[in-house]
Structure formats: structure tokens, C-alpha cells
S.K.: 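Shown below is the structure under consideration.
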Amino acid sequence: MMIYSHPQRPLVDHLLGVEKMMLEFFEDQKLDTQKAFGIETELFKSLIHVIAISHDLGKATKKFQEKLTGSNVRSPHSEISAIYAYAAAKECFSKADEKAKEISFYAFVVVRRHHGFLKYYIDEVADLKYNKERLVNMTKSIDKEFATWFKDRTHVEISPQKTSEIIDEISEIDTEIDNILNSKNDLSSYFTINFLYSILIDADRLDAATYGRKISKRIDFDTKVVQKYMESHFKNSEGIINDLRKTIHKDVLNSEISLKDHFYTITVPTGGGKTLTSFDFALKLKEMIKNIEGRMPRIIYALPFTSLVDQNAQIIKDVISIERKVSTNLLLVQHHLTPNEYTDDENGPLDEDLSSLLISGWDSEIIVTTFVSLFEGLISNRRSDIRKLHTIFGAIVILDEIQNIPHEYWKLISEVFNFIAQKTGTYFILTTATKPKIFIDSKELATNKFELKRIKIVNETKELNTLESLYEEVLYDLKQNKRVLVVLNTISASQNFFKMFEEIKMKKFYLSAGVIPKLREKVINEINKGDVKLLVSTQVVEAGMDIDFDTVYRDMAPVDSIIQSCGRCNRNYTLCMGIVHLIDLKNDNGTSYSNLVYDDLLVGISKEIFNEISEITEDAIEKSLINPYFEKVSNYITQSEKYLHSLKKLFYFSQNKAIENPPISTFSIIKGFLKANIYIEYDQEAVDLWNEFEEIQSLDPKEWYIKATRLFKKMNQYIISVNITKSLIENGPPLVDRQRGNSFYFVQKDRLNDFYDEEIGFKIPQKDVMIM
């Protein structure tokens, strides 16, 4: 009798296919496993072998084979597979007695959860004890020919008695694992499990999806491409800022580097050309690693916001395009709004199912993505996140605008990055205009100090506290023919302020997260024409927008946010001096809007520093503003300590509420209020997309997922995300909940005017506070 893993796919064929792919992932990185995990390389390969050929062992049961033929039976297979992964790994490590049980248990965990999410090992052991009788009986139905094949390759016999013995042994292992983790007190066990989990999941899914199909291999490409691009595009460019960018680029590229240094920083003023410079340096580092270590590291470019991802990815695509056609297996852009369309050099466009797998697994040479996606790959218990971990190991990671990492996670991120840098050969390039104290020992590449005086910040927090007083100041500047940007902290305040200029005839625009993405793009395009007199916005304008105003008014915020707003004032140095007015708006209760939106600690530190500053020019900002701010912020690391403890203790997930530290499953780099998605039927395209969304509800889950993934990319142009408030729940549009997919507050086209304004976006009840 032939045993199958999937319809028409022999089980043994699948197991060997997964092993081959896992080894390819592993050998591509040339990872020193002794250094990373304390396991000699050949033993680690043996561990990959036993995990691969054990992971679907439970599919060799009679019930699972019946399920494949269409029988409606439940046949979970991961737990029995994990038991024999443990036994096979222990057999492999029999000569390394001090590590045999520990590593074998990690093999058990990886296989046990390859169709779920990682759990706390103590809970895992408890579950196994509870299911002993069922698992012993399950062993009796495993195909005899398969059992012989497995024994020939692992020297482990499959039998009810063996199953019982293994369960009894694992049932006593939790205390032993606890002692091992306490003695180590590092991240090696966490990353051993997650790396094995990553390559198993990726290989398992890709082998099943690509059976009988050829997939393109790694791509080598010209690492001098940025320099060629700059020679052809900026050869005759002039001006102070263009000269600055050229100087910074030359300074960084001429820096002496060593592969012993794993952390590099490029700290330059806003508008200093960080994208091209950091990417060019990454290519230089890539070439050096290739020549010395004989491997080709991927480049991962991570940014805090999706708008920045698209913007920077387009720059990189333009650069590479001067040499060759850019396919997805060379440059991949990944965030929740990107379409599931994957092309490679050999096969052209791939089907949506396989495209989705390759995109979510970061199967490309250059990946441009968000901080969220990067950190989920490093700190998570979910298989969909951890699957891309092996792609991160050994890569060159560019983190742009690194100051956006929440301060309470600095120590956590520092320890995680330091481990994978020193142990797995990963390199980090950190770019910012406001360098936080996350990585103390990084090598600064921009060694020249650029003392620009494009702007000065004037502290008017004592004088400007109301919208009325702010209106008078802004109106005065407009009469002086200045182009003015006003950045406020809440949607309600910003909308009310914009309405105050309703009767004044001039070219003016409004931006916030309450404006649908489709219209935001149009507003930005209008601003870039240079004739917009007034822009009223929330913090969305800080997200790397290349816009330039003569004067900026910024409501009180953490220092790094204030500096980002400064980057929109006299950005191109066309004025002698641009003015940034720092104000402190308060609501009717006398509370600063900044305290309603930002962390009280960060705002408090910011206010404390500005108490001593009446005005400050750009050349003094780093010494007198940025350094004191980050020095104070770096002292607050409570959350980091808690999550580090969870990583070191493998506390992935548990329903035991008595455990003090947060499980890894709760980690998120994004903090903030509970959000609601609102779908706006703004035009006929939005109506058609919603109708299509309704029509696919009756499809089976797999077909629905494929169609919905494509559809949501288009629908996102009409989706806004706002904070959930009492007024939204009581007075907002109806909440639509479908069988599958996200729930939406739904604004139908015939009620568009009730909830959406052409100029200011979603209408917010004035008493509510909504940020961004």
C-alpha cells in the first residue's frame, strides 16, 4: 500500500523533499552552529535530517490515509510525529550525553508545533501526559512498511511500547530543561528552536506547493549599481543639499570597515540622502562578505511605516533598473498592502498561492519591509512570523529611522540583535537624524559633522495654547507669503483648526489617517508642486514625506517626533532660516493634547528639556536636545527585562495567568489605542470592490483566502484606521461582520456625506480624541 502525505504525493517523497530543502536553507547561510547554538555542524545536519523525516510520521496512520481519500475523520499527526522526532534526535546525540535530552526535546517542540504555534514547554509536557493512552493506541495503526523505512534511517523502532517509553521520559523532562535554561541565561535555546522551526515550516510549505516545479535559485547582481545610478542621475545636480548628499555618500563609502564590526550607524541631517547611501554601503558590505566568507547575504531594508516602504522600495527599484529587469526574486516589497504577485527570472509570474508563500517567506535578494514584519520574525511564537527567521540570519539589515523603536524595548532589541550579529553573522546598518542610545558600540560611518543652520526651533509653549491664538499666528505668517505646515496631535483638533480657514481663499490641504489612502496620495502630489500655502496635518506628515515648508508649527511631542517635523521645514535650504514654532495646545480641561496621545514619560522628558530652551538652531540640536533626551529615555527598560526573561525561559504562550512575565505571544512593536477599520465607499471603484468582497463570502476557505488577499490590497485604498471611542460605537456607521475576513465599520456611498468630508476625511465627534 502506498502511503501519501498529500493527495497524489507519496509520504516518503515529501519527507525527503523537506529534508533536501531544509539542508539547502542551512548550507546557503554557512552558519557556524557551534558558535550559534553550541552544536557541532555535522550533528546539526543530523538533527535537520531526523526532524525532516519525522515531522509527518503521523500521516502514516490508517485514519490519516482515509482522511486523504475524502473521509470525514479527524486525524491530528503532529504529536505522534514529535515523539519519534525526540527519539530519533536522542539516537543521533547519544554520544553527546550532556546535550542529548535537551536538543532532543527541542526537536520534539519544533515538530509538535509545525502546524500551530509555539507554547510554553511546561504546558507541552502536561499535554503529552494527558494524551498518552490515545498516542499509544495511535502507534498501532502506523503502516509497517513505513515503520521499517523509518527504522533504517534513524535506528528507532516504532511500536506502542516505544511510544509509551518516550512519553514517560519526556514527562519528567521539564525540571531538567528549567535547570538548563537557568544555567545558560541567554538566548541560545530560543534561537535554536526558532531557527529549526523556521527552516522546517518554510521547507514543508514550499515543498508541498512546488512539487514537480522548478524554482529559481539565488541571484548575484552588480554591487556597483548605486554608483552608476548616481553618475547618470545626479552628475549635474547643484545646491547646498545636493552637495551635502554627495559628501555624505562619499564619506560613508570611503569608511574603512571590518567584518568583525557588525553594527554601523549613519547619522545625518534630515534630507541627507540616507536611502541611497545606506543601500550602497550595504552592497559594499555584501561584496566584502562574498569575497571573504564565500556566501551571499540578503539585504533587508526595514522602515517604520508602510508609506516609507513603498517610497524607498521605488528608489531601490529605480537604481537596479538601470542594469536589469527587476523581478520579485531580486527585489521584494512586503507589507500588508502589497499585492501577492511574485515573478522570477525563469518562470515569470507565479500563481497566487505560491506567490503568497514566497512573499511571506521573504524569498528574494533584497527585501524592503516594515519594522513590524522584521521584529515579528525575531520575537514571536507564530509559525507565519518565525518562518522568515532563517532569512534574517546572516543578512545585512538596514534599519531606517531607528528612533521609532519604542524606548521600553531598546534593551530587548539590543540583546536580540547582538546575539544574532555575533552568533549568526548578521550585520546592521542603522540610519537616523536623531541617534538613540540603543547600540552603544556601533561604528559611525558619517564621520564629518554637518553643522547646518536651516532651521531654528522657537519655544512658544507658554504663549500658544489655544486654537484661536494659533490661528492668529498662522494667519500672520500666511499674509507674509510664507508657506505654512501645522502639525497637531489629534484628528479632532486638526480638523477644527483647518475649518477656521474655510473662508480664506488660498491653496490649502488637510492630511490625517482619517483621509483615505487614495486621497492622501493626491494631496502629497499637490504639495510637491510647490504652490500649497497651508497644510494642516497630524503626525502622518512625519513619515518620511519629502515635503518642504517655510514655517512649521508643531504641537508638543517627544523630542524625536519634533525633530521629524523639523525635517519638513526649509528642507532644501532655499531660505536663510526656517522657523519651527513649538506650541502646547490644551483642551477645555487644561490637559495638553500631547498627554492624550503620547507616553506621559516621553512627553514629560521632552517638556523638562524644553523648559531650559527658549530657542535652538539646527547645529545645536544634537548636543543640547537629542543627546539629553535619549540619555534620560534610556533609563526606562522595564518591559525589555520582562520580555528578555520570557525569551530565555522559552515562555512562548500559556493560559496560566499566574505567571508574572508576559508571554512572547503578546509582544508587539506597535503600541497604542484599540483601532477600528472603516471602509469608505468613496467612489464607484470602492462600491465595486465591496460588492466583490460580498460575493466571495460563499467560497470554500482556501479559494476565499486567495481571492480575498488580492482583493484586500485594492480595498485598502478605501480603508482608514481610527481609535475606537464611545461616540464611534454609538454614533458611527454600521459595523459589518462577515463569516470570513475583517470586520468593518461600513460607510455606504449613499450616506457618504454623513460620515466623510471631501477635505477633512472621516468626521470625528468633537469631544472624542483620535490620533494620527
Side-chain angles (χ1 to χ4, degrees), residues 240-241 244 247-248 251 265-272 274 401-407 410 430-442 444-465 485 487 489 539 542 549-571 573 575-585 592 594-595 598-636:
I240 296 173
I241 293 301
L244 170 71
T247 303
I248 289 170
D251 189 23
T265 50
I266 301 174
T267 311
V268 295
T270 53
K274 296 192 298 293
E401 307 290 2
I402 192 174
Q403 76 281 350
N404 284 283
I405 297 174
H407 70 280
W410 286 2
L430 319 166
T431 73
T432 181
T434 56
K435 184 177 177 180
K437 292 181 175 293
I438 304 180
F439 304 101
I440 307 300
D441 298 324
S442 58
E444 178 59 59
L445 297 171
T447 52
N448 286 332
K449 293 300 176 185
F450 305 98
E451 296 187 350
L452 297 176
K453 287 191 177 182
R454 290 175 294 180
I455 61 103
K456 69 175 177 180
I457 304 172
V458 179
N459 185 352
E460 298 177 353
T461 54
K462 298 289 191 293
E463 297 83 17
L464 292 179
N465 307 121
L485 166 64
V487 184
N489 286 327
Q539 300 94 312
E542 294 173 4
F549 285 84
D550 304 335
T551 300
V552 172
Y553 287 83
R554 180 56 166 105
D555 201 3
M556 175 55 72
V559 163
D560 53 326
S561 290
I562 294 169
I563 301 302
Q564 288 300 311
S565 292
C566 290
R568 318 300 152 218
C569 182
N570 199 18
R571 184 180 181 87
Y573 221 157
L575 302 173
C576 179
M577 181 71 74
I579 306 297
V580 177
H581 303 266
L582 183 64
I583 64 178
D584 188 11
L585 295 184
S592 295
S594 58
N595 289 107
Y598 294 108
D599 187 304
D600 284 344
L601 169 70
L602 301 183
V603 173
I605 292 173
S606 202
K607 288 182 176 181
E608 180 186 334
I609 291 171
F610 273 107
N611 278 340
E612 308 298 321
I613 297 172
S614 58
E615 63 177 55
I616 183 171
T617 53
E618 185 176 8
D619 57 320
I621 282 177
E622 181 177 355
K623 181 180 179 182
S624 301
L625 198 56
I626 296 171
N627 290 346
Y629 174 74
F630 284 126
E631 185 68 45
K632 291 175 183 291
V633 169
S634 64
N635 295 321
Y636 298 91

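Everything numeric in this text was worked out from a predicted model, so none of it was measured.
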S.K.: Any donor-acceptor pair under 3.5 Å linking the side-chain atoms of Asp251 with those of Thr447?
M.R.: yes
S.K.: To the nearest 0.5 Å, how far apart are CD in Glu401 and CG in Asp560?
M.R.: 10.0 Å
S.K.: Using the rule given for side chain to side chain donor-acceptor pair (under 3.5 Å), can you reason through Gln539 versus Tyr598, listing the C-alpha separation, both sets of side-chain angles and the distance that settles it, and then say yes or no?
M.R.: CA-CA 11 Å; Gln539 300 94 312; Tyr598 294 108; 3.1 Å; yes
S.K.: Show your reasoning for whether side-chain contact (heavy atoms from CB on, under 4.5 Å) applies to Gln564 and Val487.
M.R.: CA-CA 11 Å; Gln564 288 300 311; Val487 184; over 6 Å; no
S.K.: Starting at OG1 of Thr432, measure out to CD of Gln403 and round the result to the nearest 0.5 Å.
M.R.: 3.5 Å
S.K.: Once you round to the nearest 0.5 Å, how far does CG of Asp555 lie from CG of Leu585?
M.R.: 4.0 Å
S.K.: Does Val603 reach the side chain of Ser592, with side-chain heavy atoms less than 4.5 Å apart?
M.R.: no
S.K.: Please name the residue in the list Thr551, Ile621, Leu575, Ile616 that meets the side chain to side chain contact (heavy atoms under 4.5 Å, CB included) test with Ile455.
M.R.: Ile621
S.K.: Kindly give the heavy-atom pair with the smallest separation between Met577 and Lys456, and that separation in Å.
M.R.: SD-N, 3.6 Å
S.K.: Would you find a donor on one side and an acceptor on the other, under 3.5 Å apart, between the side chain of Arg454 and the backbone of Tyr573?
M.R.: no
S.K.: Have a look at Cys569 and tell me which of Ile457, Val580, Ile579, Asp550 forms a side chain to side chain contact (heavy atoms under 4.5 Å, CB included) with it.
M.R.: Val580
S.K.: Please work out which of the three classes, parallel, tilted or perpendicular, describes the rings of Tyr553 and His581, given edges at 30° and 60°.
M.R.: parallel
S.K.: Ile562 and Ala557: which non-hydrogen atoms are nearest, and at how many Å?
M.R.: CD1-O, 3.2 Å
S.K.: Determine the minimum heavy-atom distance between Glu622 and Pro628, stating which atoms define it.
M.R.: O-CD, 4.3 Å
S.K.: State, yes or no, whether a side-chain contact exists between Phe610 and Leu582 at a heavy-atom distance under 4.5 Å.
M.R.: yes
S.K.: Just by modelled atom types, is the Met556 backbone N or O under 3.5 Å from a matching donor or acceptor in the Asn489 side chain?
M.R.: yes
S.K.: To the nearest 0.5 angstrom, please state how far the CD1 atom of Ile405 sits from the CH2 atom of Trp410.
M.R.: 9.0 Å
S.K.: What is the distance from atom CD1 of Ile605 to atom CG of Leu602, rounded to the nearest 0.5 Å?
M.R.: 6.0 Å
S.K.: Taking Glu444 for the side chain and Thr267 for the main chain, is one N or O donor matched with an acceptor at less than 3.5 Å?
M.R.: yes
S.K.: Check whether any side-chain heavy atom of His407 sits under 4.5 Å from a side-chain heavy atom of Pro558, and report yes or no.
M.R.: no
S.K.: Does Thr431 reach the main-chain N or O of Ile266 with its side chain, forming a donor-acceptor pair under 3.5 Å?
M.R.: no
S.K.: Do side-chain atoms of Asp584 reach the backbone of Asn465 as a donor and acceptor pair under 3.5 angstrom?
M.R.: no
S.K.: Below 4.5 Å, heavy atoms only, C-beta onward: do Lys462 and Asn611 meet side chain to side chain?
M.R.: yes
S.K.: To the nearest 0.5 angstrom, please state how far the CZ atom of Arg568 sits from the CZ atom of Arg554.
M.R.: 11.0 Å
